[in-house]
Amino acid sequence: MSFVYPHSEIEAKWQKAWSDKKADVTDIANAKKPFYNLMMFPYPSAEGLHVGNMYAFTGTDIYGRFKRLQGFDVFEPIGLDGFGIHSENYAFKVGKHPVEQAKRSEKNFYRQLSLIGCMYDWSRTVQTYDPGYYRWTQWLFVQMFRHGLAYRAKAEVNWCPSCKTVLADEQVIDGKCERCGNLVEKKALEQWFFRITAYAGKLLENINSLKWSEKVLIAQQNWIGKKEGINITYPVVDEKGTNIGEVVCFTTRPDTNYGATFVVIAPEHPFISILQRVIKKEKVDAIVQYTTQAKKVSPQDRIAQGRKKTGVDTGLLCINQLTGHKMPLYVSDFVVMGVGTGAVVGVPGHDLRDFEFAQSMGLPVLRVVVGSDGNKDPITKPEEVQEEDGVMINSGFLDGVPIKDAIEKMKDYLVQKGWAKRVTTYHLRDWLISRQRYWGPPIPMIHCATCEASGKGERSDTPGWYTVPDAQLPVALPYIEDYKPGDDGIAPLAKHKEFYETPCPGCGAAATRETDVSDTFLDSSWYFLRYPSLGSASENTAPFDPEVTKKWLPVTMYTGGAEHSVLHLMYSRFVTIVLKEWGYLDFEEPFPNFFAHGLVIKEGAKMSKSKGNVVNPDEYIKLYGTDALRLYLMFMGPFSEGGDFRDSGMEGMHRWVNRVWRMATSSLEVGTDTVASDILVKNLHKTIKKVGEDTARRHYNTAIAAMMEFTNCVADNNGTLPLPMLKDFLVILAPFAPYLTEELWERAGGTFSIHKQVWPKYDDKYLTEQSVPVVIQVNGKLRDTVYIDIESASNQEKVEAISLTSEKAQKFLGGEKPRKIIFVPGKLINYVV
RNA sequence: GCCGGGAUGGCGAAAUUGGUAGACGCGCAGGUUUUAGGAACCUGUGCCGCAAGGCUUGGAGGUUCGAUUCCUCUUCCCGGCACCA
């Protein structure tokens with residue numbers, strides 16, 4: 001008799017069988033109850049998977065297998081998000097060409113992914129760097145342009161002067177280059193943007209319809225950052241009172257406007273070019289010097305809180321029409337051009353930053369709000385700045401009004417006077433698509449200087465620009481040797497005439513292709529639409545098949561890391577919303593259900609390459625087997641919370657897998673027609689119920705614990721199970737341990753495959769106990785436990801009678817008559833004395 | 001600073017509706033078996049105490065017959081955002 005589960009040979013056997021029999025290939029066309037179970041696909045920024053990835057995939061797969069046993073036609077695909085900066089950087093690091101490295105990574109990722117026992121449909125995979133895929137990523141860009149949602153604008157990119165390269169935001173850590181540690185600068189370049197802000201309202205509204213982990217919804221809400229405020233216009237005059245122009249300030253707190261003492265504009269504010277024409281030369285020089293200086297400061301330093309406030313007085317004055325006061329106009333870098341209107345009205349008594357600025361410039365501070373402390377004294381220290389709730393004073397018609405009402409009253413007043421406009425602003429910014437990099441889909445646009453000169457173009461708002469005609473897609477990424485990011489933010493492809501020289505689709509003159517590639521997040525913003533349509537008749541003529549999509553989308557259950565709470569999930573939602581608007585889809589939300597899994601921790605830190613604490617699953621699979629590793633990963637804690645990876649725990653799970661193996665094989669050997677004890681039958685039904693409920697809510701750890709309790713119970717009762725009970729047990733274990741259970745199922749005479757069986761039903765009649773423990777408490781403290789038959793346990797008189805016979809209880813009752821008796825039927829009785 | 005999430009034995013954790021705190025596992029201790037190692041199996045294991053008993057879910061209060069669970073304050077840890085006007 002074999003005592004040790006021979007995992008290697010059994011895993012190899014079933015990998016082959018599942019593959020040969022296409023066990024996990026979903027019948028997309030004929031499925032009756034489609035269930036699209038999707039896990040965020042990995043980006044191969046390393047040689048292979050680590051245990052953190054496997055954790056996420058296993059947790060998703062258990063859910064998929066569970067749903068399949070419950071009768072759904074589950075489609076569970078896998079792919080690689082292999083285009084983009086992550087993968088490109090890894091290629092640089094190992095000194096390989098991104099094209100070569102992609103092949104190597106793909107091979108190794110897919111090798112590992114086929115070992116970890118997930119029910120992937122290997123007939124449908126997506127690699128974002130395949131021309132057959134990125135052709136449609138480019139198509140999506142083209143559609144964005146044609147619908148007026150892609151536009152060009154000057155924008156700042158992160159620039160590392162030491163590496164001479166453009167960096168993505170995520171490569172900038174605390175204002176420094178993640179590779180060399182040099183301070184990152186900003187460089188202004190013409191870039192492509194998607195107008196996601198036009199959908200801010202929709203993206204926010206639709207959140208209410210999503211069944212997502214709460215924290216992810218909150219993150220999305222904050223990221224969209226809707227704010228109701230008001231734009232107040234201040235006329236600007238010089239010291240003689242001559243009108244110069246006006247400055248518009250955004251504020252959410254117009255209630256404090258009686259306390260305004262100055263106005264500040266950002267160094268990049270367009271009003272600076274106006275004022276330069278009208279003020280004295282030395283002032284202009286001071287401003288120019290200041291703004292040039294401000295641009296040199298690293299963006300991180302510039303926005304650092306608590307930094308000493310600096311600025312230049314323009315000598316001009318803004319008129320507060322509310323009070324008639326003239327407020328000096330300053331330029332300061334604590335005001336950021338991208339936020340609000342890039343101009344701020346300073347209320348130093350009720351905003352700490354304004355106060356700091358007023359102090360360093362020697363500007364007056366007025367109090368217009370009295371807080372809960374009732375203090376009406378002048379505000380002279382930072383800690384006295386009153387930003388909390390309160391009531392207005394020194395504010396004319398608002399005196400005595402609470403802040404909340406004062407905000408609305410002031411808005412109404414300013415709007416009615418024609419001095420201001422109510423506005424809604426969002427924290428969400430337009431999506432910067434361009435990357436001056438090599439490893440991505442070339443942006444499918446052509447620029448024609450001839451057309452631009454004559455004001456012609458595909459769209460009147462973007463003269464000189466044409467989309468690449470659909471028939472010419474994809475614009476293939478050429479294999480080049482000088483693929484590293486070049487000097488001055490010029491993309492690698494910009495050095496390749498053979499790539500960019502092309503006739504203008506409009507006039508036929510010599511024109512140039514766009515040489516930037518698109519952001520990785522564009523690749524992953526629509527991949528879920530691609531999977532089910534792979535293999536359909538329209539695979540090569542459309543990004544996704546309308547009929548298939550109608551049947552399989554939106555994604556039934558999406559699972560992924562909370563670190564993608566904002567970007568990936570927001571971009572996918574945006575793309576889906578516009579595809580619906582353009583008539584390609586009939587739903588707006590791609591992921592009505594999203595589950596955020598936790599992170600694997602090792603030695604107190606998130607598992608990551610930089611921390612050097614990554615665990616490669618290969619060695620564990622070799623040593624303990626895939627099933628033991630899957631079980632162990634899921635046993636560490638609830639799937640939503642992640643867990644702490646330890647080798648000792650791994651060994652414990654290995655022991656349990658062997659215990660299951662022995663229990664099952666010996667059950668099969670001794671002949672399994674025997675009748676099981678009542679205890680065992682009851683326990684099995686309890687376990688089926690518990691495992692079903694816990695798996696449904698992804699508390700895999702307690703589901704596994706319940707199965708362990710069951711095997712402990714078997715061990716206490718002869719150590720073997722009758723065949724039907726063994727089979728039921730194997731089915732509920734199958735999602736967690738797919739190889740082990742498939743093998744034992746076969747040995748138990750089951751038909752192929754255990755993973756296509758029906759989840760066993762439990763019978764309530766086995767779940768009720770004959771006698772239940774009833775707790776006897778005195779003053780809320782446990783004093784005794786008695787076992788009473790279920791009927792009597794619900795009867796207060798009977799329970800009282802029985803409990804009073806308890807010596808321990810009597811001791812604490814001390815012969816006194818209880819003042820009060822609390823009775824919870826079937827559970828406890830509590831005497832208050 | 002703001003927004004989230006946490007804190008329970010030596011460790012990972014459980015407690016689904018306010019009702020037996022610590023399921024399950026690791027580790028540890030003792031034992032059986034074994035030439036030995038390993039494996040397997042059995043017993044014990046929150047803390048203090050010989051015991052009776054007392055104490056115990058980061059800390060301090062509160063509500064309640066009863067609080068890991070609800071409320072207020074507070075400390076620390078993790079994640080995200082951040083001179084957002």
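Numbers restart at 1 for each chain; the letters A, B, ... are given by sequence-line order, proteins then strands. All heavy atoms count here, side chains included; hydrogens, waters and symmetry mates do not.
Within the 3.5 Å criterion, the main-chain N or O of A:Met392 finds no donor-acceptor partner in the side chain of A:Ser395. For A:Arg698 (side chain) and A:Phe595 (main-chain N/O), no donor-acceptor pair under 3.5 Å exists by modelled atom type. Side-chain atoms of A:Thr314 come within 3.5 Å of backbone atoms of A:Leu329 as a donor-acceptor pair (strictly under, hydrogens ignored).
Partners of A:Glu383 by side chain to side chain contact (heavy atoms under 4.5 Å, CB included), not counting sequence neighbours, listed by chain and number: A:Lys381. A:Pro773 pairs by the side chain to side chain contact (heavy atoms under 4.5 Å, CB included) definition with A:Thr785, A:Tyr787, not counting sequence neighbours.
Closest to the A:Lys827 side chain, of the nucleotides B:G19, B:C84, B:U20, is B:G19. Nearest to the side-chain atoms of A:Asn830 among the listed nucleotides B:C65, B:A85, B:A82 stands B:C65. Of the listed nucleotides (B:C65, B:A85, B:G19), B:C65 has the atom at the smallest distance from the side chain of A:Val832. Closest approach to the A:Ala705 side chain among B:U20, B:A23, B:G25 is made by B:A23 (side chain taken as heavy atoms from C-beta onward). The nucleotide whose nearest atom lies closest to any side-chain atom of A:Lys309 is, among B:C41, B:C83, B:G19, B:C83. Closest to the side chain of A:Asn712, out of B:U20, B:C83, B:C24, is B:C24. The side chain of A:Leu782 sits closest to B:U20 out of B:U20, B:C83, B:G25. Here the nucleotide nearest the side chain of A:Trp223, chosen from B:G19, B:C81, B:A85, is B:C81.
Comparing the P positions of B:G6 and B:G53 gives a spacing of 38 Å, expressed to the nearest Å. Nucleotides B:G62 and B:G10 are separated by 28 Å at their P atoms, to the nearest Å. Comparing B:A60 with B:C76, their C1' atoms sit 15 Å apart, to the nearest whole Å. Of the P atoms belonging to B:A13 and B:U8, the separation is 8 Å, rounded to the nearest Å. When the P atom is used for both B:C41 and B:G25, the distance is 11 Å, rounded to whole Å. Separation of the C1' atoms belonging to B:U69 and B:G1 is 31 Å when rounded to the nearest angstrom. The separation of B:C77 from B:G22, taken at their P atoms, amounts to 31 Å, rounded to a whole angstrom. When the C1' atom is compared between B:C48 and B:U43, the two are found 23 Å apart, to the nearest whole Å.
The nearest pair of heavy atoms linking A:Ala343 to A:Val335 is N-CG1, 4.1 Å.
When each of A:Glu709 and A:Asp716 is assigned the nucleotide of RNA chain B with its nearest heavy atom, A:Glu709 is the one assigned upstream, toward the 5' end. When each of A:Glu563 and A:Gly340 is assigned the nucleotide of RNA chain B with its nearest heavy atom, A:Glu563 is the one assigned upstream, toward the 5' end.
Note: CH2 (A:Trp661) to P (B:A39) measures 20 Å, nearest angstrom. One can place CD1 of A:Ile224 at 15 Å from C1' of B:C3, the figure rounded to the nearest angstrom. Remark: C1' of B:C2 and NE2 of A:His427 are 12 Å apart, rounded to the nearest angstrom. What separates CG of A:Asp333 from P of B:C83 is a distance of 12 Å, to the nearest Å. For the pair A:Leu623 CG and B:G38 C1', the computed distance is 14 Å after rounding to whole Å. Remark: C1' of B:G18 and CD of A:Gln777 are 12 Å apart, rounded to the nearest angstrom.
Between A:Phe645 and A:Tyr632, the distance separating the two ring centers is shorter than 6.0 angstrom. Taking the six-membered ring for Trp and the full ring otherwise, the centers of A:His654 and A:Tyr624 sit less than 6.0 Å from each other. A:Phe66 has its ring centre no less than 6.0 Å from the ring centre of A:Tyr700.
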Under the rule of Watson-Crick or G-U wobble with both distances under 3.5 Å, where | means paired to another strand and [ ] a crossing pair, RNA chain B maps to (((((((..(((......[....)))((((((.......))))))(((....)))..(((((..]....))))))))))))....
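Sequence neighbours left out, the pairs with a member in residues 249-261 of chain A that pass salt bridge (charged side-chain N to carboxylate O under 4.0 Å, His left out) are A:Arg253-A:Asp255.
In this model, the phosphate group of B:C24 is not approached by any side-chain N or O of A:Arg655 to a distance below 4.0 Å at OP1 or OP2. Under 4.0 angstrom from either OP1 or OP2 of B:C84 there lies no side-chain N or O belonging to A:Arg429. The side chain of A:Arg662 places an N or O atom within less than 4.0 Å of a non-bridging phosphate oxygen (OP1 or OP2) of B:C41.
Look at B:G37: its glycosidic torsion is beyond 90° from 0, and that puts it in the anti range.
Judged by a 6.0 Å distance limit and a 45° cone about the ring axis, A:Lys309 is not positioned over the six-membered ring of A:Phe357.
Residue A:Arg819 is classed as having no contact, given no heavy-atom separation below 4.0 Å to the nucleic acid.
With salt bridges taken as basic N to acidic carboxylate O contacts below 4.0 Å, one links A:Glu408 and A:Arg422. Note on A:Lys689 versus A:Glu693: salt bridge recorded, some NZ/NE/NH1/NH2 to OD/OE distance being below 4.0 Å.
Looking at A:Val778, A:Ile776, A:Val774 one by one, the single match for side chain to side chain contact (heavy atoms under 4.5 Å, CB included) with A:Asp784 turns out to be A:Ile776.
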Close N/O contacts between protein and nucleotides 52-54 of chain B (under 3.5 Å):
residue: B:A52; atom: O3'; partner: A:Lys811; partner atom: NZ; Å: 3.4
residue: B:G53; atom: OP1; partner: A:Lys811; partner atom: NZ; Å: 3.0
residue: B:G54; atom: OP1; partner: A:Arg783; partner atom: NH2; Å: 3.4
residue: B:G54; atom: OP2; partner: A:Arg783; partner atom: NH1; Å: 3.2

Nucleotides 5-16 of chain B: protein proximity per nucleotide (B base, S sugar-phosphate only, - neither; heavy atom, under 4.0 Å) = ------SBSSSB
